[in-house]
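Counting starts at 1 for both ligands and their atoms, following the listed order. Each residue takes its place number in the sequence, starting with 1.
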Amino acid sequence: MVELNPAAGAHTIAEILSEPATWKSCLKAMEQSGEMQSLNEKLPRNIEWVFIGCGSSFYLAQAAAASWSFLTGEKARALPASEITLFPQAFLAACQPVLITRSGYTSEVLQAAEYLETKLHLKTLAITCGTGTLIEKIASHCIKLTAADEKSTVMTRSFTSMLITLQSLAAIRGNRGDFQDALSQLPDQVAGRFNTIHSTIKSLAESRTFADYVFLAQGPFFGIAQESMLKVKEMSCSYAQCFHTLEFRHGPKAIVSPETLITFIISETGFAAEVQVLEEIKKLGGTTLAISNGSNSTIRRAADYSVELSLDVPESARVGASVIPGQLLGFYTGIKKGLNPDEPRNLSRVVMLETK
Ligand code: F1P
(Lines give C-alpha, C1' and ligand atoms only; values in the text may rest on other atoms or scores of the structure.)
Protein backbone atom coordinates (compact mmCIF):
# COMPACT_ATOMS: atom_id res chain seq x y z
CA MET A 1 0.00 0.00 0.00
CA VAL A 2 1.22 3.51 -0.82
CA GLU A 3 1.94 5.62 2.28
CA LEU A 4 0.20 8.92 1.67
CA ASN A 5 1.75 12.03 3.14
CA PRO A 6 -1.22 14.17 4.29
CA ALA A 7 0.73 17.38 3.59
CA ALA A 8 1.68 16.31 0.04
CA GLY A 9 0.42 18.81 -2.50
CA ALA A 10 -1.18 21.08 0.12
CA HIS A 11 0.09 24.25 -1.58
CA THR A 12 -0.80 23.11 -5.08
CA ILE A 13 -4.38 22.11 -4.36
CA ALA A 14 -4.99 25.31 -2.37
CA GLU A 15 -3.61 27.32 -5.30
CA ILE A 16 -5.81 25.48 -7.83
CA LEU A 17 -8.91 25.91 -5.69
CA SER A 18 -8.20 29.63 -5.28
CA GLU A 19 -8.07 30.32 -9.02
CA PRO A 20 -11.45 32.07 -9.49
CA ALA A 21 -10.90 34.28 -6.41
CA THR A 22 -7.37 35.13 -7.58
CA TRP A 23 -8.57 36.16 -11.06
CA LYS A 24 -11.13 38.38 -9.39
CA SER A 25 -8.46 40.10 -7.23
CA CYS A 26 -6.12 40.58 -10.20
CA LEU A 27 -8.85 42.04 -12.46
CA LYS A 28 -10.09 44.29 -9.66
CA ALA A 29 -6.59 45.59 -8.85
CA MET A 30 -6.00 46.40 -12.53
CA GLU A 31 -9.36 48.13 -12.86
CA GLN A 32 -8.77 50.26 -9.75
CA SER A 33 -5.25 51.31 -10.75
CA GLY A 34 -6.11 52.03 -14.41
CA GLU A 35 -2.74 50.39 -15.22
CA MET A 36 -4.02 48.56 -18.29
CA GLN A 37 -5.42 51.72 -19.88
CA SER A 38 -2.22 53.68 -19.36
CA LEU A 39 -0.08 50.78 -20.64
CA ASN A 40 -2.26 50.54 -23.71
CA GLU A 41 -1.65 54.21 -24.48
CA LYS A 42 2.13 53.83 -24.11
CA LEU A 43 2.51 50.70 -26.25
CA PRO A 44 3.04 51.04 -30.02
CA ARG A 45 0.43 50.30 -32.68
CA ASN A 46 0.73 48.45 -36.00
CA ILE A 47 3.50 46.22 -34.80
CA GLU A 48 3.83 42.49 -34.21
CA TRP A 49 3.47 41.28 -30.63
CA VAL A 50 5.83 38.53 -29.52
CA PHE A 51 4.97 36.65 -26.33
CA ILE A 52 8.01 35.04 -24.70
CA GLY A 53 8.45 32.60 -21.81
CA CYS A 54 9.86 29.26 -20.62
CA GLY A 55 7.96 26.13 -19.56
CA SER A 56 4.42 26.93 -18.43
CA SER A 57 5.05 30.57 -19.28
CA PHE A 58 5.86 29.59 -22.89
CA TYR A 59 2.60 27.63 -23.15
CA LEU A 60 0.84 30.66 -21.68
CA ALA A 61 2.57 32.76 -24.36
CA GLN A 62 1.02 30.54 -27.04
CA ALA A 63 -2.49 30.91 -25.64
CA ALA A 64 -1.95 34.66 -25.16
CA ALA A 65 -0.67 35.19 -28.72
CA ALA A 66 -3.70 33.38 -30.18
CA SER A 67 -6.06 35.45 -28.01
CA TRP A 68 -4.19 38.66 -28.85
CA SER A 69 -4.66 38.40 -32.62
CA PHE A 70 -8.30 37.52 -32.17
CA LEU A 71 -9.08 40.42 -29.82
CA THR A 72 -6.90 43.19 -31.29
CA GLY A 73 -6.49 42.23 -34.96
CA GLU A 74 -2.72 42.72 -34.46
CA LYS A 75 -0.16 40.12 -35.52
CA ALA A 76 1.11 37.98 -32.64
CA ARG A 77 3.28 34.92 -32.08
CA ALA A 78 4.95 33.07 -29.23
CA LEU A 79 8.57 32.03 -28.73
CA PRO A 80 10.50 30.21 -26.00
CA ALA A 81 12.98 32.72 -24.51
CA SER A 82 15.94 30.53 -25.47
CA GLU A 83 15.20 30.98 -29.19
CA ILE A 84 15.90 34.70 -28.90
CA THR A 85 19.30 34.28 -27.29
CA LEU A 86 20.45 31.21 -29.24
CA PHE A 87 19.18 32.26 -32.68
CA PRO A 88 19.00 36.07 -32.50
CA GLN A 89 19.43 36.35 -36.28
CA ALA A 90 16.01 34.69 -36.71
CA PHE A 91 14.36 37.36 -34.58
CA LEU A 92 12.74 40.34 -36.31
CA ALA A 93 13.65 43.53 -34.50
CA ALA A 94 10.49 45.55 -35.01
CA CYS A 95 8.04 44.12 -32.51
CA GLN A 96 6.52 44.55 -29.07
CA PRO A 97 8.01 41.83 -26.84
CA VAL A 98 6.06 40.56 -23.83
CA LEU A 99 8.17 38.64 -21.29
CA ILE A 100 6.12 36.23 -19.20
CA THR A 101 7.69 34.88 -16.00
CA ARG A 102 6.07 33.95 -12.70
CA SER A 103 9.32 34.19 -10.76
CA GLY A 104 10.96 37.08 -12.61
CA TYR A 105 14.31 35.26 -12.36
CA THR A 106 14.36 32.57 -15.10
CA SER A 107 17.77 32.79 -16.83
CA GLU A 108 16.68 32.57 -20.45
CA VAL A 109 13.94 35.18 -19.93
CA LEU A 110 16.38 37.59 -18.30
CA GLN A 111 18.92 37.04 -21.09
CA ALA A 112 16.26 37.62 -23.74
CA ALA A 113 15.10 40.77 -21.92
CA GLU A 114 18.68 42.16 -21.80
CA TYR A 115 19.18 41.43 -25.47
CA LEU A 116 15.87 43.02 -26.53
CA GLU A 117 16.34 46.13 -24.39
CA THR A 118 20.06 46.83 -24.83
CA LYS A 119 20.91 45.41 -28.28
CA LEU A 120 17.62 45.94 -30.12
CA HIS A 121 16.48 48.97 -28.07
CA LEU A 122 12.97 47.59 -27.75
CA LYS A 123 10.81 48.62 -24.81
CA THR A 124 9.76 45.27 -23.40
CA LEU A 125 6.63 44.62 -21.37
CA ALA A 126 7.02 42.03 -18.59
CA ILE A 127 4.33 40.24 -16.61
CA THR A 128 5.29 38.49 -13.38
CA CYS A 129 3.93 37.46 -9.99
CA GLY A 130 6.93 38.54 -7.92
CA THR A 131 7.93 41.96 -6.61
CA GLY A 132 11.37 43.56 -6.77
CA THR A 133 12.57 40.84 -9.17
CA LEU A 134 15.29 41.10 -11.81
CA ILE A 135 12.83 41.19 -14.72
CA GLU A 136 11.25 44.28 -13.21
CA LYS A 137 14.65 46.01 -13.30
CA ILE A 138 15.35 45.11 -16.94
CA ALA A 139 11.94 45.53 -18.63
CA SER A 140 10.65 48.99 -19.56
CA HIS A 141 7.12 48.15 -18.34
CA CYS A 142 6.09 45.55 -15.80
CA ILE A 143 2.70 44.16 -14.73
CA LYS A 144 2.90 42.60 -11.26
CA LEU A 145 0.26 40.14 -10.11
CA THR A 146 1.28 39.55 -6.51
CA ALA A 147 -2.10 37.99 -5.63
CA ALA A 148 -1.36 35.19 -8.09
CA ASP A 149 2.06 34.20 -6.73
CA GLU A 150 2.51 30.65 -5.48
CA LYS A 151 4.40 28.51 -3.00
CA SER A 152 4.25 25.38 -5.13
CA THR A 153 6.94 24.59 -7.67
CA VAL A 154 4.33 24.04 -10.37
CA MET A 155 2.41 26.92 -11.91
CA THR A 156 -1.37 26.81 -11.68
CA ARG A 157 -3.14 30.03 -10.62
CA SER A 158 -0.20 32.13 -11.84
CA PHE A 159 -0.70 30.62 -15.32
CA THR A 160 -4.41 31.39 -15.55
CA SER A 161 -4.12 34.81 -13.86
CA MET A 162 -1.35 36.04 -16.17
CA LEU A 163 -3.29 34.76 -19.20
CA ILE A 164 -6.54 36.47 -18.15
CA THR A 165 -4.68 39.72 -17.43
CA LEU A 166 -3.08 39.70 -20.90
CA GLN A 167 -6.50 38.98 -22.41
CA SER A 168 -7.87 41.95 -20.48
CA LEU A 169 -5.14 44.20 -21.94
CA ALA A 170 -6.00 42.84 -25.41
CA ALA A 171 -9.70 43.60 -24.84
CA ILE A 172 -8.84 47.22 -23.92
CA ARG A 173 -6.62 47.52 -26.96
CA GLY A 174 -9.23 46.05 -29.28
CA ASN A 175 -12.07 48.15 -27.80
CA ARG A 176 -13.81 44.96 -26.78
CA GLY A 177 -15.89 46.15 -23.85
CA ASP A 178 -18.07 43.04 -24.29
CA PHE A 179 -15.02 40.83 -23.72
CA GLN A 180 -13.96 42.77 -20.62
CA ASP A 181 -17.47 42.26 -19.22
CA ALA A 182 -17.18 38.53 -19.98
CA LEU A 183 -13.83 38.33 -18.15
CA SER A 184 -15.32 40.05 -15.13
CA GLN A 185 -18.11 37.44 -15.00
CA LEU A 186 -15.72 34.52 -15.42
CA PRO A 187 -14.55 34.10 -11.78
CA ASP A 188 -18.07 33.67 -10.37
CA GLN A 189 -19.15 31.41 -13.21
CA VAL A 190 -16.12 29.14 -12.81
CA ALA A 191 -16.52 29.12 -9.01
CA GLY A 192 -20.09 27.88 -9.53
CA ARG A 193 -18.85 24.96 -11.68
CA PHE A 194 -15.72 24.13 -9.68
CA ASN A 195 -17.10 21.36 -7.43
CA THR A 196 -18.49 19.40 -10.38
CA ILE A 197 -15.27 19.68 -12.40
CA HIS A 198 -13.22 18.81 -9.31
CA SER A 199 -15.19 15.68 -8.39
CA THR A 200 -15.24 14.35 -11.98
CA ILE A 201 -11.46 14.60 -12.36
CA LYS A 202 -10.70 13.43 -8.81
CA SER A 203 -12.73 10.27 -9.22
CA LEU A 204 -11.24 9.61 -12.68
CA ALA A 205 -7.68 9.93 -11.32
CA GLU A 206 -8.45 7.87 -8.23
CA SER A 207 -10.01 5.05 -10.22
CA ARG A 208 -7.56 4.83 -13.16
CA THR A 209 -3.92 5.40 -14.03
CA PHE A 210 -2.72 5.24 -17.62
CA ALA A 211 0.51 4.33 -19.42
CA ASP A 212 0.26 7.50 -21.51
CA TYR A 213 -1.71 10.75 -21.32
CA VAL A 214 -2.44 12.64 -24.57
CA PHE A 215 -3.90 16.15 -24.76
CA LEU A 216 -5.47 17.45 -27.97
CA ALA A 217 -6.73 20.93 -28.87
CA GLN A 218 -6.71 23.58 -31.59
CA GLY A 219 -6.45 27.38 -31.83
CA PRO A 220 -6.08 29.27 -28.52
CA PHE A 221 -6.73 25.98 -26.71
CA PHE A 222 -3.51 24.40 -28.05
CA GLY A 223 -1.40 26.23 -25.41
CA ILE A 224 -3.88 24.88 -22.84
CA ALA A 225 -3.36 21.31 -24.09
CA GLN A 226 0.41 21.82 -23.80
CA GLU A 227 0.10 23.16 -20.27
CA SER A 228 -2.21 20.26 -19.31
CA MET A 229 0.42 17.85 -20.64
CA LEU A 230 3.09 19.60 -18.55
CA LYS A 231 0.94 19.47 -15.38
CA VAL A 232 0.52 15.71 -15.73
CA LYS A 233 4.25 15.22 -16.41
CA GLU A 234 5.42 17.44 -13.55
CA MET A 235 3.00 16.45 -10.82
CA SER A 236 2.53 12.77 -11.58
CA CYS A 237 5.79 11.85 -13.36
CA SER A 238 3.70 10.24 -16.10
CA TYR A 239 4.35 10.00 -19.81
CA ALA A 240 2.29 12.74 -21.46
CA GLN A 241 2.06 14.18 -24.97
CA CYS A 242 0.25 16.94 -26.83
CA PHE A 243 -0.89 17.41 -30.43
CA HIS A 244 -3.23 19.58 -32.46
CA THR A 245 -6.45 17.55 -32.50
CA LEU A 246 -6.56 16.91 -36.24
CA GLU A 247 -2.80 16.30 -36.37
CA PHE A 248 -3.33 13.31 -34.08
CA ARG A 249 -4.88 11.48 -37.04
CA HIS A 250 -1.68 11.84 -39.07
CA GLY A 251 0.46 9.22 -37.37
CA PRO A 252 0.26 9.70 -33.58
CA LYS A 253 -3.00 7.75 -33.37
CA ALA A 254 -0.87 4.60 -33.73
CA ILE A 255 -0.41 4.77 -29.94
CA VAL A 256 -4.13 4.59 -29.12
CA SER A 257 -5.07 1.84 -26.67
CA PRO A 258 -7.26 1.46 -23.57
CA GLU A 259 -4.15 2.30 -21.49
CA THR A 260 -3.90 5.71 -23.18
CA LEU A 261 -6.08 8.52 -21.84
CA ILE A 262 -6.78 10.88 -24.73
CA THR A 263 -8.14 14.21 -23.54
CA PHE A 264 -9.95 16.38 -26.10
CA ILE A 265 -10.20 20.06 -25.21
CA ILE A 266 -12.99 20.85 -27.65
CA SER A 267 -13.49 24.35 -29.07
CA GLU A 268 -16.72 25.81 -30.38
CA THR A 269 -15.09 27.09 -33.59
CA GLY A 270 -13.72 23.65 -34.53
CA PHE A 271 -16.43 21.66 -32.74
CA ALA A 272 -17.68 19.41 -35.58
CA ALA A 273 -14.21 18.41 -36.82
CA GLU A 274 -12.79 17.87 -33.32
CA VAL A 275 -15.77 15.75 -32.22
CA GLN A 276 -15.30 13.64 -35.34
CA VAL A 277 -11.73 12.84 -34.22
CA LEU A 278 -13.04 11.97 -30.74
CA GLU A 279 -15.43 9.47 -32.32
CA GLU A 280 -12.67 7.98 -34.47
CA ILE A 281 -10.33 7.57 -31.48
CA LYS A 282 -13.06 5.95 -29.39
CA LYS A 283 -13.63 3.44 -32.22
CA LEU A 284 -9.90 2.65 -32.17
CA GLY A 285 -10.22 1.66 -28.50
CA GLY A 286 -8.73 4.66 -26.67
CA THR A 287 -9.97 5.82 -23.29
CA THR A 288 -11.33 9.32 -23.83
CA LEU A 289 -11.95 12.43 -21.73
CA ALA A 290 -13.85 15.33 -23.35
CA ILE A 291 -13.56 18.86 -21.99
CA SER A 292 -16.09 21.08 -23.74
CA ASN A 293 -18.35 23.96 -22.95
CA GLY A 294 -21.38 21.88 -23.77
CA SER A 295 -21.69 18.35 -25.09
CA ASN A 296 -23.86 16.69 -27.75
CA SER A 297 -24.96 13.12 -28.34
CA THR A 298 -21.68 12.22 -30.11
CA ILE A 299 -19.59 13.44 -27.17
CA ARG A 300 -21.85 11.57 -24.75
CA ARG A 301 -21.42 8.38 -26.81
CA ALA A 302 -17.69 8.67 -27.54
CA ALA A 303 -16.32 10.11 -24.29
CA ASP A 304 -15.65 7.75 -21.38
CA TYR A 305 -15.36 10.79 -19.13
CA SER A 306 -16.70 14.26 -19.76
CA VAL A 307 -16.31 17.70 -18.21
CA GLU A 308 -18.76 20.37 -19.32
CA LEU A 309 -17.61 23.86 -18.40
CA SER A 310 -21.08 25.37 -19.12
CA LEU A 311 -19.73 28.95 -19.06
CA ASP A 312 -21.87 31.73 -20.49
CA VAL A 313 -18.97 33.77 -21.93
CA PRO A 314 -17.42 33.89 -25.45
CA GLU A 315 -15.08 31.08 -26.46
CA SER A 316 -11.82 33.07 -26.01
CA ALA A 317 -12.79 34.03 -22.46
CA ARG A 318 -13.02 30.32 -21.59
CA VAL A 319 -9.43 29.53 -22.60
CA GLY A 320 -7.87 30.02 -19.12
CA ALA A 321 -10.57 28.02 -17.33
CA SER A 322 -10.05 25.10 -19.72
CA VAL A 323 -6.74 24.20 -18.07
CA ILE A 324 -8.31 23.46 -14.66
CA PRO A 325 -9.20 19.82 -15.49
CA GLY A 326 -5.58 19.17 -16.60
CA GLN A 327 -4.22 20.77 -13.42
CA LEU A 328 -6.50 18.57 -11.28
CA LEU A 329 -5.67 15.46 -13.31
CA GLY A 330 -1.93 16.01 -12.77
CA PHE A 331 -2.47 16.71 -9.09
CA TYR A 332 -4.64 13.69 -8.22
CA THR A 333 -2.63 11.30 -10.40
CA GLY A 334 0.52 12.42 -8.56
CA ILE A 335 -1.13 11.96 -5.16
CA LYS A 336 -2.29 8.50 -6.19
CA LYS A 337 1.28 7.57 -7.15
CA GLY A 338 2.50 8.66 -3.70
CA LEU A 339 4.24 11.79 -5.04
CA ASN A 340 4.27 15.33 -3.68
CA PRO A 341 2.94 17.67 -6.40
CA ASP A 342 4.33 20.70 -4.52
CA GLU A 343 7.86 19.45 -5.13
CA PRO A 344 8.12 17.41 -8.33
CA ARG A 345 11.17 15.27 -8.93
CA ASN A 346 14.15 17.06 -10.55
CA LEU A 347 12.39 20.44 -10.57
CA SER A 348 12.91 23.71 -8.78
CA ARG A 349 10.62 26.71 -8.45
CA VAL A 350 12.97 28.84 -10.55
CA VAL A 351 15.24 27.54 -13.31
CA MET A 352 18.51 29.44 -13.36
CA LEU A 353 21.25 28.19 -15.68
CA GLU A 354 24.74 27.99 -14.26
CA THR A 355 27.11 30.51 -15.81
CA LYS A 356 30.48 29.01 -16.73
C1 F1P B 1 8.44 28.79 -15.30
C2 F1P B 1 9.00 27.45 -14.86
C3 F1P B 1 7.86 26.42 -14.85
C4 F1P B 1 8.27 25.12 -14.20
C5 F1P B 1 9.02 25.31 -12.89
C6 F1P B 1 10.05 26.39 -12.96
O7 F1P B 1 9.35 29.82 -15.10
O8 F1P B 1 10.05 27.03 -15.73
O9 F1P B 1 7.41 26.12 -16.15
O10 F1P B 1 7.12 24.38 -13.94
O11 F1P B 1 8.10 25.61 -11.90
O12 F1P B 1 9.51 27.57 -13.55
P13 F1P B 1 8.96 31.33 -14.85
O14 F1P B 1 7.55 31.56 -15.26
O15 F1P B 1 9.16 31.60 -13.38
O16 F1P B 1 9.93 32.11 -15.70
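When hydrogens are left out, the protein atom nearest atom 15 (O) of ligand 1 is Ser103 OG, 2.7 Å; that is the closest non-hydrogen contact. For atom 9 (O) of ligand 1, the nearest protein heavy atom (residue, atom name, distance) is Ser56 N, 2.8 Å. Protein heavy atom at the shortest distance from atom 11 (O) of ligand 1 is Thr153 O, 2.5 Å. Nearest protein heavy-atom neighbour of atom 5 (C) of ligand 1: Ser348 O, 3.6 Å. The protein atom (non-hydrogen) at minimum distance from atom 3 (C) of ligand 1 is Met155 SD, 4.0 Å. Scanning the protein for heavy atoms near atom 10 (O) of ligand 1, the closest one is Glu234 OE2, 2.5 Å.
The atoms of ligand 1 that sit less than 4.0 Å from any heavy atom of Arg349 are 6 (C), 11 (O), 12 (O). Close approach of ligand 1 to Arg102 (heavy-atom distance below 4.0 Å) involves ligand atoms 11 (O), 13 (P), 14 (O), 15 (O). For ligand 1 and Thr101, the ligand atoms under 4.0 Å from any heavy atom of the residue are 13 (P), 14 (O), 15 (O), 16 (O). Each of the atoms 9 (O) of ligand 1 lies under 4.0 Å from some heavy atom of Gly55.
Under the 6.0 Å cut-off for aromatic ring centres, Phe331 and His198 do not qualify, their centroids lying 6.0 Å or more apart.
Side-chain atoms of Ser236 and Lys336 include no donor-acceptor pair closer than 3.5 Å. Side-chain atoms of Ser316 and Gln167 include no donor-acceptor pair closer than 3.5 Å.
Checked against Phe248 for a ring-ring contact (aromatic ring centres under 6.0 Å, His included), the options Phe215, Phe243, Phe222 give a single hit: Phe243.
A salt bridge is defined here as a Lys NZ or Arg NE, NH1 or NH2 lying under 4.0 Å from an Asp or Glu carboxylate O, and Glu74 with Arg173 meets this definition. Between Arg349 and Glu150 there is no salt bridge, since no side-chain N of the basic residue sits under 4.0 Å from a carboxylate O of the acidic one.
For atom 13 (P) of ligand 1, the nearest non-hydrogen atom from the set Ile135, Leu230, Thr106 comes from Thr106.
With sequence neighbours left out, the salt bridge (charged side-chain N to carboxylate O under 4.0 Å, His left out) criterion links Glu136 to Lys144.
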**OP:** Starting from the C-alpha separation in whole Å, work towards a yes-or-no answer on side-chain hydrogen bond (donor to acceptor under 3.5 Å, both in side chains) for Glu315 and Thr269.
**Re:** CA-CA 8 Å; Glu315 177 170 51; Thr269 307; 2.4 Å; yes

